[in-house]
Amino acid sequence: MALRFYNTLTQKVEEFAPADGRTVRMYTCGPTVWNFVHIGNLRTFTFQDLLRRWLRARGWALDHVMNLTDVDDRIIREAAAAGKSIYDYTGPYAEAFLADAATLRLERPERLVKATDHIPEMVEAIGKLGEKGFTYESEGSVYFSVARFAEYGKLSHSDFGGMKAGARVDTDRYDKTDARDFALWKARKRGEHYWDSPIGAGRPGWHIECSVMSMKYLGETLDIHAGGVDLTFPHHENEIAQSEALTGKPFARFWLHSEHLMLGDEVMSKSLGNFYTLRDLMGMGYTPEAIRYLLASVPYRKQLNFSFDGLKAAATAIERLRNFELRLNNETFAEGLEERVAARGAESLGKFDQSLDDDLNTAEALAAVFEYIREANTAMDAGGFRAANRAQALELLARFDSVFDVLKPAVKAGAISDQEIEQLIAGRTAARQARDFKRADQIRAELAERGVILEDTREGIRWKRK
Ligand code: AMP
Ligand code: ZN
């Protein structure tokens with residue numbers, strides 16, 4: 001069966017292929033860089049990374065645009081409170097996001113774009129919406145008139161029959177499923193960052209940012225638009241209204257929404273204060289691979305309950321995978337091929353692919369890998385795993401890791417290099433020759449602290465990492 005996704009727009013699982021049969025044009029809403037991202041945000045971005053990798057595994061090329069929202073209500077508020085320009089305020093958080101994404105092995109989208117680099121295009125789009133009669137002005141701000149867009153509600157499947165004409169909202173984020181005219185351009189306020197423009201001095205609303213940046217790079221109809229489930233309404237509903245009002249064409253063919261990471265009964269969120277950042281968890285000694293595994297292991301349309309037990313189980317799962325890889329690489333197996341193991345391998349490879357084709361069912365894909373590992377380990381213990389079975393086992397691990405990417409241990413920050421170890425050992429030898437045993441012991445202790453064990457042998461000093 002072909003690759004298929006659940007499409008929020010049609011509420012159906014549909015077969016997916018890019019419109020041009022070659023390149024997937026995909027837009028994902030990136031972070032608002034007003035603070036460090038938390039692992040809830042990172043669950044959504046991890047899902048998008050798996051999506052990228054699987055689309056490529058299925059033979060499609062990618063043109064993926066992710067934005068950085070570097071101007072919105074929260075940024076303006078926090079920057080003002082910190083007495084900084086929005087650029088000085090957001091710069092370090094944008095950097096921190098890219099660093100966290102790299103630590104979690106999230107591939108860089110083909111294009112990462114900033115809202116503040118596209119203000120003239122936004123002003124132009126708002127002007128065009130005005131010419132087409134979709135906007136009105138009030139106190140220097142420009143609003144989108146939701147009543148003018150007949151299909152409003154088609155993504156969130158809400159019936160806006162009781163809609164109050166002219167009810168307006170000025171905030172970027174509002175979550176009641178209640179049709180309201182939203183701001184495309186917000187009039188300048190004292191002390192706030194603003195841009196001069198033909199539609200007045202002010203700044204763009206959040207929703208217009210994504211419509212403009214996605215269509216600028218990917219054209220009027222995208223193959224995939226993705227984001228966390230909380231963005232369905234109003235953000236994505238508003239993106240559709242703006243974009244389709246501008247072009248008269250469908251804005252995105254597939255809408256993919258990932259469910260929330262939960263802490264107990266609550267959605268992990270900055271505003272509730274119930275969150276962990278990647279840095280928090282790494283500070284507690286958890287590895288990026290374990291965090292990535294945990295975030296990837298639950299299919300994206302299911303809520304994921306975060307727990308430290310879950311994180312430990314993820315670390316254990318990775319250990320099992322790595323131990324199996326070690327066995328494959330280090331043990332010697334009798335010549336020949338064990339048919340039963342080969343048949344299980346083929347089955348697991350098939351099931352792995354089919355599971356990911358099935359709306360990225362990561363849990364089933366992992367089950368397929370572990371079923372094989374269990375069988376293969378048992379076979380190895382009983383001498384029933386042969387040299388010719390190795391290639392297939394390695395292929396399965398490689399296929400797994402091309403998507404999950406957790407097998408290679410991260411190099412710890414501050415990890416000691418081979419060269420540095422050799423230098424310290426040379427220093428210790430010199431200290432001993434000079435009968436400075438205190439210094440020699442200090443060096444041994446320093447190495448031990450940094451995870452290196454020394455063995456004095458007849459052939460000289462040997463070292464290994466703990
Ligand atoms: P924001 O920076 O608030 O725009 O959020 C960035 C992304 O993280 C959006 O796609 C949100 O839907 C997503 N997100 C926020 N909280 C969570 C959560 N607890 N679990 C999963 N995704 C989330
Ligand atoms: Zn967006």
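One-based numbering along the sequence shown. The structure presented is a predicted model; accordingly, all values stated were derived computationally and were not measured. When a ligand or atom number is given, it counts from 1 through the structure's own listing order.
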Practice prompt. Please calculate the NE2(H235)-the Zn ion (ligand 2)-SG(C29) angle and round it to 10 degrees.
Written response: 120°

Item to complete: Consider ligand 1: state whether an atom of it lies below 4.0 angstrom from any non-hydrogen atom of R74.
Response: yes

Worksheet item: Taking the minimum heavy-atom distance to atom 7 (C) of ligand 1, which of F45, Y93, W34 ranks first?
Response: F45

Practice prompt. Describe, in one word, how the ring planes of F400 and Y293 are oriented to each other, choosing from parallel (under 30°), tilted (30 to 60°) and perpendicular (over 60°).
Written response: tilted

Item to complete: Report, in ascending order of atom number, the atoms of ligand 1 lying under 4.0 Å from any heavy atom of P31.
Response: 2 (O)

Fill in: N/O/S atom of H236 inside 2.8 Å of the Zn ion (ligand 2), strictly under
no

Practice prompt. Note the single closest protein heavy atom to atom 18 (C) of ligand 1, along with its residue, its atom name and the distance in Å.
Written response: H260 CD2, 3.4 Å

Discussion item. Return the closest protein heavy atom for atom 12 (O) of ligand 1 as residue, atom name and distance.
Written reply: D230 OD1, 2.5 Å

Worksheet item: the Zn ion (ligand 2) to H207: any N/O/S contact under 2.8 Å?
Response: no

Discussion item. I need the contact type for R173 against ligand 1. Using non-hydrogen atoms and a strict under-4.0 Å cut-off, is it side chain, backbone, both or neither?
Written reply: side chain

Worksheet item: Relative to each other, are the rings of H236 and H257 parallel, tilted or perpendicular (30° and 60° limits)?
Response: tilted

Worksheet item: According to the interplanar angle, ranging from 0 to 90°, do the rings of Y276 and F306 count as parallel (below 30°), tilted (30 to 60°) or perpendicular (above 60°)?
Response: tilted

Worksheet, complete the sentence: In R25, R52, H64, the residue satisfying side-chain hydrogen bond (donor to acceptor under 3.5 Å, both in side chains) with E110 is R52

Item to complete: Could you find the nearest protein heavy atom to atom 10 (O) of ligand 1 and give me its residue, atom name and distance?
Response: G228 N, 3.1 Å

Worksheet item: atom 9 (C) of ligand 1: which protein heavy atom is closest, and how many Å away?
Response: L231 CD1, 3.8 Å

Item to complete: Please report which non-hydrogen protein atom sits nearest to atom 16 (N) of ligand 1, along with the residue it belongs to and the distance in Å to one decimal place.
Response: H38 CE1, 3.6 Å

Item to complete: Verify, without hydrogens or angle tests, whether D70 (side chain) and K114 (backbone) share a donor-acceptor contact under 3.5 angstrom.
Response: no

Item to complete: Just say parallel, tilted or perpendicular for the rings of F144 and F134, cut-offs at 30° and 60°.
Response: parallel

Worksheet item: Are any of the N/O atoms in T32 less than 3.5 Å from those in ligand 1?
Response: yes

Worksheet item: Which residue owns the protein heavy atom closest to atom 15 (C) of ligand 1, what's the atom, and how far is it?
Response: N41 ND2, 3.2 Å

Item to complete: May I ask you to decide if T247's main-chain N or O and E220's side chain share a donor-acceptor pair within less than 3.5 Å?
Response: no

Worksheet entry | Residue portion contacting ligand 1 (non-hydrogen atoms closer than 4.0 Å) for H257 | neither

Worksheet item: Hey, is ligand 1 close enough to T44 that some N/O pair sits below 3.5 Å?
Response: yes

Discussion item. Once you restrict to heavy atoms under 4.0 Å, what part of E259 touches ligand 1? Side chain, backbone, both or neither.
Written reply: backbone

Worksheet item: Should we say atom CZ of R108 is surrounded by more than 12 heavy atoms from elsewhere, each under 6.0 Å from it?
Response: no

Fill in: Nearest-neighbour protein heavy atom for atom 19 (N) of ligand 1, which is reported as residue plus atom name and distance
M268 O, 2.8 Å

Worksheet item: Does an N or O from L261, backbone or side chain, lie closer than 3.5 Å to an N or O of ligand 1?
Response: yes

Worksheet item: Going through the distances and angles, do D359 and R301 end up as a salt bridge (Lys or Arg N to Asp or Glu O under 4.0 Å)?
Response: CA-CA 9 Å; D359 199 21; R301 286 204 302 122; 2.9 Å; yes

Discussion item. Which label fits H225 and W255: parallel for a plane angle under 30°, tilted from 30 to 60°, or perpendicular past 60°?
Written reply: parallel

Worksheet entry | Atom OH of Y194 with >12 non-hydrogen neighbours under 6.0 angstrom | no

Practice prompt. Considering only non-hydrogen protein atoms, determine which one is nearest to atom 23 (C) of ligand 1 and report residue, atom name and distance to 0.1 Å.
Written response: G40 O, 3.5 Å

